[in-house]
Amino acid sequence: MLSKGIYDRPPMITYPEKVEYEKKQSYIVAAMGKKRPLNAVELTEIFFNIARNYFSVLLCMGLLQVIKDKEIKNYIKDGMEISEKQINFFNELLKKEALLGTVPVSMAVTNSTVSPFSDKLIVALFHFLNSTGVTFIGHALSLSMRLDLATYYSKVIGEILMYAEKGFNIMVNRQWLEQPLKRQIERF
């Protein structure tokens, strides 16, 4: 993939010539609206979230071709919009940092119109992907030392949770969600 130029490489940070230590809190809270450059950990999380959301967009595109149910189709469209917004936000941030936004690997969705999965399985998959999405964004939030990133990650977590509620309601209304087993606690 590298030799063909289709490998999606993360942005590069130049290696410092000497070690410098922070002396004030401005590393976390920007003074007078000035933002410090992204650190390597923040950049890694941004790149990972772009790649993850790009995969999500491809998955949504493929499923939108095969799903016939209008409610589920709208649910998948909403998920695709959330992923596209994140990709756009992160790419714009990288461009502002003079790190060039990432270009997605050239993958394509086939033109199949026959669903390989049931609607129930697709909604359950998205329910699972929502929880992992919150986990990954929460991880990025925990590592971010820039206030603008922390604020954005918090907003995205709320957006994903509101989206997840739609999928949860679809499963409940169609009686696709089994109640967890209630464990009996024995007293000794």
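Because the structure is a prediction, the values reported are computed rather than measured.
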Asker: Check whether V41 and L93 end up in the same hydrophobic cluster, where Ile, Leu, Val, Met, Phe, Trp and Tyr are linked by side-chain heavy atoms less than 4.5 Å apart.
Answerer: no
Asker: Within the side chain of S144, is there an N or O that forms a donor-acceptor pair under 3.5 Å with the backbone of A140?
Answerer: no
Asker: Considering non-hydrogen atoms only, spot the tightest contact between N130 and A164 and give its length.
Answerer: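 Closest approach of N130 to A164, heavy atoms only: ND2-CA, 3.4 Å.
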Asker: Would M61 end up clustered with V66 when hydrophobic side chains under 4.5 Å apart are linked, directly or stepwise?
Answerer: yes
Asker: For a side chain to side chain contact (heavy atoms under 4.5 Å, CB included) check, start with the C-alpha distance between L43 and L94, then their side-chain angles and the critical distance, and finish with the verdict.
Answerer: CA-CA 9 Å; L43 190 57; L94 291 176; 3.3 Å; yes
Asker: For G79 and C60, which heavy atoms make the closest approach, and how far apart are they?
Answerer: C-SG, 4.3 Å
Asker: Within the distance-only criterion (no hydrogens, no angle test), does the side chain of E42 pair as donor or acceptor with the backbone N or O of N39 below 3.5 angstrom?
Answerer: yes
Asker: Does I170 offer a backbone N or O that forms a donor-acceptor pair with the side chain of E71 under 3.5 Å?
Answerer: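 The answer is no, because no donor-acceptor pair under 3.5 Å joins these two groups.
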Asker: Taking side chain as C-beta onward, heavy atoms only, is I46 less than 4.5 Å from N49?
Answerer: no
Asker: Other hydrophobic cluster members with M162, side-chain heavy atoms of Ile/Leu/Val/Met/Phe/Trp/Tyr under 4.5 Å, chained?
Answerer: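 Besides M162, the cluster holds no residue at all.
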Asker: Within a radius of less than 6.0 Å around CG of N173, do more than 12 heavy atoms belonging to other residues, nucleotides or ligands occur?
Answerer: yes
Asker: Tell me the closest heavy-atom pair linking G167 and V123, and the distance in Å.
Answerer: O-CG1, 3.8 Å
Asker: Check whether the ring centres of Y75 and Y163 lie less than 6.0 Å apart, and answer yes or no.
Answerer: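 They qualify: ring centres under 6.0 Å apart.
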Asker: Applying the side chain to side chain donor-acceptor pair (under 3.5 Å) criterion to R174, which one of D119, N169, D69 satisfies it?
Answerer: D69
Asker: What about L38 and L143, same hydrophobic cluster or not, with Ile/Leu/Val/Met/Phe/Trp/Tyr joined at side-chain heavy-atom distances under 4.5 Å?
Answerer: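 Looking at the clustering, L143 is in a separate group from L38.
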Asker: Main chain of R52, side chain of Q86: is a donor-acceptor contact present, judged purely on distance under 3.5 Å?
Answerer: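 No; zero donor-acceptor contacts below 3.5 Å.
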Asker: Between the side chain of Q65 and the main-chain N/O of T113, is any donor-acceptor distance below 3.5 Å?
Answerer: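 No, the answer is negative, given that no donor and acceptor are paired below the 3.5 Å cut-off.
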Asker: Please report the C-alpha distance between E97 and R146 in whole Å, then the side-chain angles of each, then the deciding distance to 0.1 Å, and finally whether the salt bridge (Lys or Arg N to Asp or Glu O under 4.0 Å) criterion is met.
Answerer: CA-CA 13 Å; E97 299 280 331; R146 252 179 57 170; 2.8 Å; yes
Asker: Among the clusters formed by ILVMFWY side chains lying less than 4.5 Å apart, do L121 and L59 turn up in the same one?
Answerer: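 Linked within one cluster.
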Asker: Do other residues, nucleotides or ligands put more than 12 heavy atoms under 6.0 Å from K68 NZ?
Answerer: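 Result for NZ/K68: enclosed.
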Asker: If every non-hydrogen atom of L64 is compared with every non-hydrogen atom of K77, which pair is closest and at what distance?
Answerer: CD2-CG, 3.7 Å
Asker: Going by atom type alone, with no hydrogens or angles, which donor-acceptor pairs under 3.5 Å involve a side-chain atom of residues 150-158 and a protein atom two or more places apart or on another chain?
Answerer:
from : atom 1 : to   : atom 2 : distance (Å)
T151 : OG1    : L147 : O      : 2.9
S154 : OG     : A150 : O      : 2.9

Asker: Can you run down the ring-ring contact (aromatic ring centres under 6.0 Å, His included) pairs that involve residues 118-141, sequence neighbours left out, and say none if there aren't any?
Answerer: F48-F136
